[in-house]
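Here the structure comes first, spelled out in structure tokens, and everything after it is commentary.
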Amino acid sequence: MVSAVIVENKLPGPGAAARAQGNERHEPLITVRGLAKSYGGSVALDRVDFDVHKGEFLTLLGPSGSGKTTLLGLIAGITLPSEGRIELAGSDISRVPPERRDIGVVFQNYALFPHMTVRDNIAFPLRFRKIDRQERAARILQALELVRLDHLADRYPSELSGGQQQRVALARALIFDPAILLMDEPLSALDKKLREHMKIELRQIQQRLNLTIVYVTHDQDEALAMSSRIAVMRDGAIQQIGSPEEIYERPNSRFVADFVGDANLLDSEIVTAQNGMLHLTLAGSKFRVLARQPLDVAATGAKATVLIRPEHVLIGAAARSLSACFTGQIVSSSYEGNARRFEIDVEGTLLRARTQGVFSDHVPQPGETIDLGWSDHHAHLVDIHAQ
Ligand SMILES: Nc1ncnc2c1ncn2[C@@H]1O[C@H](COP(=O)(O)OP(=O)(O)O)[C@@H](O)[C@H]1O
Ligand SMILES: [Mg+2]
């Protein structure tokens, strides 16, 4: 269990003023406007706008090179912007040096001091702040308890596991009670099981302390599980920002649909548009998708990209009562323990189905013909484009 002591006795630190302000006015804690960074002629970050509210866990998610670390470095003050501004609780901090920004940072590689004990590593940020001996000792104890390392306070980093080292880095970043915590791929050096555990622990700490976190990852599962909101980045820009549900269920582009989760993306001709629904065809059979109003009504003859997640593709008898129902041939079948995955060829279009159903007598095999389908509400219109 995570210690609750630090919540109840939370000491007012330099971050308290900024936090109180951000809270009172219900204004964003961080405001980023037109923020850009170029290196020579190449654009690493291309005029980005977004807000972060108090208590939010905002994740920057994107492939390698999409600008995540650049954006985090700009907020931290390690990198200076080419254009644009960053405000913290209403004050422009774009040119404020990192140590005066009231922001805690945790990186992937921990960056602990090898010659210092856990206690001294955690206490390090307090050296630069005028804090009396008694308060210093109280804070160190709280920070140690928060990350459950009070029994290892006198060890050196080399005597700790990866997960424990990462907890030291977290405690060190939180000890001066920063207004915001920035984390750049903090779990990526840990093995899968530990990562799963730390994911839950970090989210618990964030919620208990009502921390504001901007978190970087290229791991979609991490982003979906931890975030209040996700900003999906591509080529230095934010492609979409929204709740995990919005990003997963209603992606605004082929890129987001494909990057976040497993996706069937169908390119299909629009036959008619009626009553707010677009009617499309696949292999001679019809299916429908909800149109985006009012734009798509004139779209007859254009092509639509429609997303259906593999877990929403039903197969066999269950598919036959659905309004979108097709027949295809199984190309592959794989067992995943908690589910089974099929690839099914529908007249040249490959569809993936992921089913957790139990096959009592016969598991469909490659080469067999099978029915498949989905409910209308599981089809999501991603994009419309001319033929
Ligand atoms: N110090 C730098 N000098 C030159 N180019 C850089 C520098 N830092 C980052 N870049 C470039 O900016 C782009 C974004 O990089 P980065 O923010 O590190 O992406 P991510 O963290 O999403 O992998 C990349 O094309 C990268 O090569
Ligand atoms: Mg990076």
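Whatever order the structure lists ligands and atoms in, that order sets their numbers, starting from 1. Positions are given from 1 along the sequence.
At the top of the distance list for atom 16 (P) of ligand 1, counting protein heavy atoms only, stands Thr70 OG1, 3.6 Å. The nearest heavy-atom contact from the protein to atom 12 (O) of ligand 1 is Ala44 CB, 3.2 Å. If you check which protein heavy atom lies closest to atom 4 (C) of ligand 1, you get Tyr39 CG, 3.3 Å. Of the protein's heavy atoms, Thr69 CB, 3.8 Å lies nearest to atom 18 (O) of ligand 1.
Here Ser64 does not reach the Mg ion (ligand 2): none of its N/O/S atoms is less than 2.8 Å from the metal.
No donor-acceptor pair under 3.5 Å is formed between the side chain of Glu135 and the backbone N or O of Asp132.
Using a 4.0 Å cutoff on heavy atoms, Gly236 does not count as a contact of ligand 1. In this structure, Gly67 has a heavy atom closer than 4.0 Å to ligand 1.
Once rounded to the nearest 0.5 Å, the distance linking CD1 of Ile315 with CZ of Arg354 reads 13.0 Å.
An N or O contact shorter than 3.5 Å links Gly65 to ligand 1 by distance.
Side-chain contact, Thr305 with His385: a donor N or O sits under 3.5 Å from an acceptor N or O. Side chains of Asp92 and Ser94: a donor on one and an acceptor on the other come within 3.5 Å.
Between Arg167 and Met198, some side-chain heavy-atom pair lies under the 4.5 Å cut-off.
Contact annotation for atom 20 (P) of ligand 1: protein present (non-hydrogen atoms, distance under 4.0 Å).
Under the 6.0 Å distance and 45° angle rule, Arg172 does not count as a cation-pi partner of Phe124.
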